[in-house]
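A quick write-up on the structure given underneath.
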Amino acid sequence: MSEENLVKVVKFGGSSLASAEQFKKVGAIIKADSSRRYVVDSAPGKRSKEDTKVTDLLYKCYEEAEEGLSFEKTFRVIKTRFNEIIAGLELKLNLDEEFETIYRKFEGKAGSDYAASRGEYLNGRIMAAYLGYEFIDAATVIKFDKEGNFLSEETNEALRARLKDVERAVIPGFYGAQPDGRVKTFSRGGSDVTGSLVARAVKADIYENWTDVSGFLVADPRIVENPKNIEILTYRELRELSYMGASVLHESAIFPVRKEGIPINIRNTNRPEDKGTLIVENTCHTPEYTITGIAGKKGFVSVSIDKDMMNSEIGFCRRALQVFEDNGISIEHMPSGIDTMTVFVDKDAFVDKEQQVLSGLHRVCQPDTIDLESDLALIAVVGRGMKNNSGNAGKIFSALSKKKINIRMIDQGSSELNIIIGVRNKYFDEAIKTIYEVYVNDEA
Ligand code: ADP
Ligand code: ASP
Ligand code: MG
């Protein structure tokens with residue numbers, strides 16, 4: 001198939017659309033390839049490290065409105081951000097009426113989801129005018145039910161029908177609407193999800209996700225200096241990495257494209273010549289290193305339940321887990337031994353329920369002891385290449401112990417796709433750097 005006949009969905013993140021200058025780079029990228037037909041935009045992000053994302057300004061502004069404070073000043077800052085982009089692009093577009101409507105809706109307390117969504121909405125209006133593409137309000141095609149749950153199949157139908165005869169369009173990311181028209185957003189970073197939904201609906205050949213890094217990096221660049229780039233990543237590896245905090249792509253963005261086997265290509269708006277990372281269903285491409293990536297999160301608590309002969313007591317684990325479920329706490333990880341099981345939970349979700357959980361466990365499990373340890377971090381070392389290499393856990397163990405980093409837990413998933421390591425929060429950065437060193441620098 002020639003390039004011209006392909007259909008590409010392109011999503012641009014906040015930093016790619018933070019200013020008129022960035023918009024021009026985006027315009028050039030889209031114009032360079034006529035198959036880039038459907039564009040999903042984010043709200044303007046940070047122009048510099050100290051800057052504030054428009055989405056955060058909108059939340060703040062709405063909070064002021066809701067508390068009955070004057071929100072005029074914050075509103076003006078937001079308006080200026082958009083007007084500067086319009087002026088910088090020399091567009092004839094005038095959004096004053098839109099601002100007027102939004103202002104009134106803020107006064108009428110239209111909800112924080114509505115407020116936050118206006119960043120994508122207005123940026124989409126500007127993008128459509130700039131490119132000369134049709135603008136399609138996401139509220140008309142991205143569907144949520146009365147309770148606010150996302151409706152995947154209805155959305156797919158609505159998008160497919162709406163885009164069937166539309167050659168080129170801009171669709172704002174991050175939000176949709178409930179049956180009564182009320183705007184509802186995805187969780188933060190959700191424009192990635194919108195991009196994926198559009199790609200599925202039009203059966204795109206590729207979903208290009210344009211951001212400020214040249215693809216997925218082996219580790220978070222804020223922790224490891226100049227980490228290597230990942231050329232190819234599988235959907236499953238991506239899930240493990242993004243769930244554990246590699247925040248390049250929203251953790252739910254994978255599901256819609258996976259249904260159609262559409263590859264995702266993470267690209268850098270500031271370096272369009274770089275190939276970026278390709279995320280695929282499967283590949284025979286052998287990774288350069290044993291591991292594909294490292295990611296992690298801080299702020300966990302481990303609850304270790306000990307009882308002699310636990311293993312022979314039928315239903316023990318189920319009863320223990322039920323206590324967490326009854327308290328609405330989700331379980332992040334659960335390594336176990338013969339007479340012990342440990343449950344890792346998010347500290348923020350756990351602290352307020354701690355005593356209920358402990359007494360619940362005593363009641364249903366009669367354990368010998370329950371130990372709590374807080375301020376733990378979990379690190380996932382992920383790679384489809386680990387299956388064919390023995391001694392991975394040992395290698396990590398010895399590297400970390402050389403650095404005097406105490407490992408609180410190490411667990412290899414049965415798929416051998418990942419190894420999870422628990423360390424104290426304070427060793428988090430150091431542990432990631434060390435693992436990067438043994439797997440990437442030493443293998444290079
Ligand atoms: P966008 O606004 O384009 O959606 P995000 O800020 O959501 O961009 O995601 C890109 C950022 O993710 C990068 O700037 C980087 O700081 C961060 N990041 C975290 N982990 C990784 C990783 N493993 N590889 C690349 N970037 C990472
Ligand atoms: N603008 C939204 C946010 O900041 C959504 C996104 O960028 O994907 O979370
Ligand atoms: Mg993002």
Side-chain angles (χ1 to χ4, degrees), residues 10-18 22 25-26 29 40-49 51-60 78 81 112-113 115-124 138 142 171-176 183-197 207-231 233 237-238 240-253 264 266-271 274 276-277 279 291-297 379-383 429 432 435-436 440:
V10 288
K11 177 259 169 179
F12 290 88
S15 57
S16 302
L17 299 170
Q22 290 298 91
K25 292 184 194 169
V26 168
I29 289 167
V40 173
D41 63 280
S42 292
K46 295 182 179 193
R47 292 161 295 187
S48 64
K49 249 192 165 143
D51 203 9
T52 312
K53 286 177 160 196
V54 164
T55 309
D56 291 318
L57 290 172
L58 285 161
Y59 278 123
K60 174 170 179 269
I78 296 166
R81 289 285 309 260
S112 65
D113 279 22
S117 74
R118 294 306 88 184
E120 271 69 13
Y121 173 81
L122 293 166
N123 233 17
I142 307 285
I171 304 133
F174 190 38
Y175 72 93
V183 165
K184 171 89 193 139
T185 65
F186 292 115
S187 57
R188 296 298 303 265
S191 299
D192 290 332
V193 180
T194 311
S196 184
L197 292 167
Y207 168 28
E208 291 180 346
N209 187 292
W210 292 81
T211 180
D212 61 353
V213 278
S214 291
F216 235 96
L217 304 168
V218 174
D220 189 332
R222 290 163 293 194
I223 299 173
V224 172
E225 211 178 307
N226 262 327
K228 291 253 194 276
N229 197 63
I230 304 173
E231 222 176 293
L233 195 62
E237 288 173 323
L238 171 76
E240 301 281 350
L241 289 170
S242 53
Y243 181 72
M244 277 307 246
S247 56
V248 194
L249 201 66
H250 190 286
E251 58 165 305
S252 306
I264 308 175
I266 310 277
R267 300 283 291 266
N268 189 346
T269 299
N270 305 313
R271 291 179 58 91
D274 291 352
T277 299
I279 304 164
I291 63 160
T292 307
I294 312 162
K297 277 201 248 183
I379 298 169
V381 183
V382 177
D429 285 17
I432 290 184
I435 298 166
Y436 182 87
V440 179

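Counting begins at 1 with the first residue of the sequence. Side-chain atoms are counted along with the backbone in the values below, which use heavy atoms only and exclude waters and symmetry mates. First listed ligand is number 1; within each ligand, the first listed atom is number 1.
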Exercise for the section: Determine whether any heavy atom of E120 lies closer than 4.0 Å to an atom of ligand 2. Expected result: yes

Practice task
Please report the closest heavy-atom contact between S42 and N123, naming both atoms and the distance.
Solution key: O-ND2, 2.9 Å

Completion exercise
Nearest heavy-atom contact between I230 and L233 is CG2-CD1, 4.0 Å

Completion exercise
Nearest non-hydrogen protein atom to atom 7 (O) of ligand 2, with distance, is S42 OG, 3.6 Å

Problem - Shortest reach to atom 9 (O) of ligand 2 by a heavy atom, considering only K11, K53, R188 - result: R188

Problem - Min heavy-atom dist G190 to ligand 2 below 4.0 Å - result: yes

Handout entry: Partners passing ring-ring contact (aromatic ring centres under 6.0 Å, His included) against Y436 (at least two apart in sequence or in another chain)
Key = none

Problem - Polar proximity ligand 2 side, G189 side, N/O cut 3.5 Å exclusive - result: yes

Completion exercise
Correct closest heavy-atom pair for A219 and I432 would be CB-CG2, 4.3 Å

Exercise for the section: Quick one: list whatever passes salt bridge (Lys or Arg N to Asp or Glu O under 4.0 Å) with E237, sequence neighbours left out. Expected result: R384

Exercise for the section: Starting from atom 6 (C) of ligand 2, locate the nearest protein heavy atom and write down its residue, its atom name and how far away it is, to 0.1 Å. Expected result: S191 OG, 3.4 Å

Completion exercise
Sorted by chain and residue number, the side-chain contact (heavy atoms from CB on, under 4.5 Å) partners of D274 (sequence neighbours excluded) come out as S214, R271

Problem - Smallest separation among heavy atoms of N229 and F216, with atom names - result: OD1-O, 3.5 Å

Completion exercise
Here the pair of heavy atoms bringing S15 nearest to D212 is OG-CB, 3.4 Å

Nitrogen or oxygen contacts under 3.5 Å, ligand 1 side and protein side:
{"residue": "ligand 1", "atom": "2 (O)", "partner": "G14", "partner atom": "N", "Å": "3.2"}
{"residue": "ligand 1", "atom": "3 (O)", "partner": "T211", "partner atom": "OG1", "Å": "2.7"}
{"residue": "ligand 1", "atom": "4 (O)", "partner": "K11", "partner atom": "NZ", "Å": "3.2"}
{"residue": "ligand 1", "atom": "8 (O)", "partner": "T211", "partner atom": "OG1", "Å": "3.1"}
{"residue": "ligand 1", "atom": "14 (O)", "partner": "D212", "partner atom": "OD1", "Å": "2.8"}
{"residue": "ligand 1", "atom": "14 (O)", "partner": "D212", "partner atom": "OD2", "Å": "3.3"}
{"residue": "ligand 1", "atom": "23 (N)", "partner": "L217", "partner atom": "O", "Å": "3.0"}
{"residue": "ligand 1", "atom": "24 (N)", "partner": "L217", "partner atom": "N", "Å": "2.8"}

Handout entry: Whether over 12 other heavy atoms sit under 6.0 Å from K228 NZ
Key = no

